[in-house]
> 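Provided herewith is a single structure, encoded as structure tokens, for subsequent inquiry.
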Amino acid sequence: MTTRHLYLARHGAADAFGNLTDLGRRQAELLGERLAGLPVDAVWHSPLPRAAASARELARHLPDAPVAEAAELIDHVPYVPRPAETPPSWAGFFDGYDDAEAASGHKLAEALLARFAQAPTAPRDTHEVLVTHAYQIAWLVRHALDAPPARWLGLNSANAALTVIDYRPGLPPTLVMFNDMSHLPADLRWTGFPDGTRP
């Protein structure tokens with residue numbers, strides 16, 4: 001049975017202007033070293049500079065894999081929950097999202113699933129790296145677990161952490177790992193994550 005292996009990574013640490021920092025470059029480099037032993041077919045990245053730069057950095061360790069932009073990976077809110085679905089602590093986060101903006105974000109999120117969250121059509125296993133943003137990883141993980149749409153809330157990913165989802169024909173997706181940072185030294189872990197004590 002063929003498998004589509006998706007390796008999802010949030011971009012490396014970025015500055016206030018959305019550009020990759022030196023720390024973020026090092027994170028992306030270490031992620032590339034981790035992925036170097038895999039038969040990666042392609043590296044896809046969000047159009048935003050921090051994701052594009054992270055993809056180029058990690059792809060230096062994957063010389064046979066083409067690197068390309070995928071519009072579906074851009075940073076956006078994938079689903080604006082209805083008031084009854086929204087935890088009280090998140091309610092203010094969605095202030096200002098009108099119906100048109102919410103519908104546009106959800107349409108883009110569904111396009112992300114249609115393009116990447118599918119079993120392979122090739123007669124062999126495929127391996128693709130997606131360098132994107134925390135919300136897009138959360139949306140793909142939520143889908144893989146067949147959780148309600150609002151459940152993307154609270155699924156956070158650290159910079160350059162690795163999440164892996166496998167897709168096989170006729171079977172539900174398999175979440176292989178989520179937010180794994182074992183390739184990063186302690187001082188490069190948990191960036192981009194809410195403040196708090198971390199293991």
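Worth saying up front: this structure is predicted, and the values here are computed from it rather than measured. Basis for what follows: all heavy atoms, side chains included, without hydrogens, waters or symmetry-related copies.
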> What distance do Tyr7 atom OH and Leu62 atom CG have between them, rounded to the nearest 0.5 Å?
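Output value for this atom pair is 10.5 Å.
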> Which pair of heavy atoms, one from Pro120 and one from Thr2, lies closest together, and at what distance?
CG-OG1, 3.4 Å
> Any idea which heavy atoms bring Gly192 and Asn159 closest together, and the distance?
N-OD1, 3.1 Å
> Would a single hydrophobic cluster contain both Leu31 and Phe193, if residues Ile, Leu, Val, Met, Phe, Trp and Tyr are joined by side-chain heavy-atom contacts under 4.5 Å?
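Different hydrophobic clusters.
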> Is the shortest side-chain heavy-atom distance between Gln27 and Thr191 below 4.5 Å?
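Answer yes - side chains close enough.
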> Tell me whether the guanidinium CZ or amine NZ of Arg142 lies under 6.0 angstrom from the six-membered ring centre of Trp152 and within 45° of its axis.
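No.
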> Is it the case that over 12 heavy atoms from other parts of the model lie below 6.0 angstrom from the CG atom of Asp99?
no
> Which class fits the ring pair Tyr79 and Trp139: parallel under 30°, tilted 30 to 60°, perpendicular over 60°?
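Geometry flag for Trp139 against Tyr79: parallel rings.
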> Should Phe94 and Val77 count as side-chain neighbours, where that means a heavy-atom distance under 4.5 Å?
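Sidechains of Val77 and Phe94: in contact.
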> Report yes or no: does Arg10 contribute a side-chain atom to a donor-acceptor pair with the main-chain N or O of Ala158 at less than 3.5 Å?
no
> Above 12 or not: heavy atoms from other molecules or residues under 6.0 Å from CG of Asp146?
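It does not: Asp146 CG has 12 such atoms or fewer within range.
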> Distance check, rounded to the nearest 0.5 Å: Ile74 atom CD1 versus Thr132 atom OG1?
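Result: 9.0 Å between the selected atoms.
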> Looking only at the side chains, is there a donor atom on one of Thr3 and Arg168 sitting less than 3.5 Å from an acceptor on the other?
yes
> Taking a hydrophobic cluster as the set of Ile, Leu, Val, Met, Phe, Trp and Tyr residues connected by side-chain heavy atoms closer than 4.5 Å, whether directly or through intermediates, do Val176 and Tyr167 fall within one such cluster?
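No.
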> Should the pair Trp90 and Phe93 be assigned to parallel (<30°), tilted (30 to 60°) or perpendicular (>60°) ring geometry?
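Ring orientation of Trp90 relative to Phe93: perpendicular.
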> Considering residues at least two apart in sequence or located in another chain, which fulfil the side chain to side chain donor-acceptor pair (under 3.5 Å) criterion with Ser182?
Arg34, Asp180
> Report yes or no: do Asp166 and Thr174 form a side-chain donor-acceptor pair below 3.5 Å?
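No.
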> Ignoring hydrogens, what is the shortest heavy-atom contact between Ser157 and Phe178? Give both atom names and the distance.
OG-CE1, 4.0 Å
> Please name all residues satisfying salt bridge (Lys or Arg N to Asp or Glu O under 4.0 Å) with Asp22, sequence neighbours left out, ordered by chain then number.
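Expected list: Arg25.
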> Hey, does the side chain of Arg56 reach the backbone of Leu58 with a donor-acceptor pair shorter than 3.5 angstrom?
no
> Between His76 and Gln136, does any side-chain donor sit less than 3.5 Å from a side-chain acceptor?
yes
> Which atoms form the tightest heavy-atom contact between Pro81 and Thr86, and what is the distance?
CG-OG1, 3.4 Å
> Side chains of Asp125 and Arg4, heavy atoms from C-beta outward: is any pair under 4.5 Å?
no
> Side chain to side chain contact (heavy atoms under 4.5 Å, CB included) for Leu155 and Tyr135? Distances and angles first, verdict last.
CA-CA 8 Å; Leu155 293 174; Tyr135 294 170; over 6 Å; no
> Minimum heavy-atom separation for Pro185 and Leu30, please, with both atom names.
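Between these two residues, the closest heavy atoms are CD-CD1, 3.5 Å.
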> Take Leu171 and Met1 through the test side chain to side chain contact (heavy atoms under 4.5 Å, CB included) and record every step on the way to the result.
CA-CA 10 Å; Leu171 294 173; Met1 181 178 291; 3.6 Å; yes
> Starting from Ile165, can I reach Val129 by hopping between I/L/V/M/F/W/Y residues whose side chains sit under 4.5 Å apart?
no
> Nearest 0.5 Å, what's the CZ-CE distance between Arg189 and Met181?
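Output value for this atom pair is 7.0 Å.
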> Only one of Leu8, Val131, Ile137, Leu130 passes side chain to side chain contact (heavy atoms under 4.5 Å, CB included) with Leu73; say which it is.
Leu130
> Rounded to the nearest 0.5 Å, how far does OG1 of Thr163 lie from CG of Leu175?
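Here the interatomic distance stands at 7.0 Å.
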> With a 4.5 Å cut-off on side-chain heavy-atom distances among I, L, V, M, F, W and Y, is there a chain of contacts connecting Met177 to Leu38?
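Same cluster.
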> Find out if a path of hydrophobic residues (ILVMFWY) with successive side-chain heavy-atom gaps under 4.5 Å connects Leu35 to Leu6.
no
> I would like to know whether Glu29 and Arg60 meet side chain to side chain contact (heavy atoms under 4.5 Å, CB included); could you show each step before the answer?
CA-CA 8 Å; Glu29 179 184 21; Arg60 292 190 308 107; 3.8 Å; yes
> Check step by step if salt bridge (Lys or Arg N to Asp or Glu O under 4.0 Å) holds for Lys107 and Glu110.
CA-CA 5 Å; Lys107 182 177 179 181; Glu110 291 302 301; over 6 Å; no
> Within the structure provided, determine whether His106 and Val80 are in side-chain contact (heavy-atom separation under 4.5 Å).
no
> With a 4.5 Å cut-off on side-chain heavy atoms, are Pro66 and Val43 touching?
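No, side chains not in contact.
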> Looking only at heavy atoms, which two atoms of Ala134 and Asn156 are closest? And how far apart?
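Scanning both residues completely, I find the closest heavy atoms to be CB-OD1, 3.7 Å.
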> Is the shortest heavy-atom distance from the side chain of Leu162 to the side chain of Val164 under 4.5 Å?
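Yes, at least one pair of side-chain atoms sits under 4.5 Å.
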> Are any non-hydrogen side-chain atoms of Asn179 and Trp190 less than 4.5 angstrom apart?
yes
> With sequence neighbours excluded, give me every side chain to side chain donor-acceptor pair (under 3.5 Å) pair touching residues 35-53.
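Every pair satisfying side chain to side chain donor-acceptor pair (under 3.5 Å) with a residue in residues 35-53: His11-Arg50, Asp41-Arg124, Trp44-Glu128, Ser46-His133, Arg50-Asp75.
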> With side chains defined as the heavy atoms from C-beta onward, is the minimum distance between Leu23 and Asp187 less than 4.5 Å?
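The answer is no, as the side chains (C-beta and beyond) never meet within the 4.5 Å cut-off.
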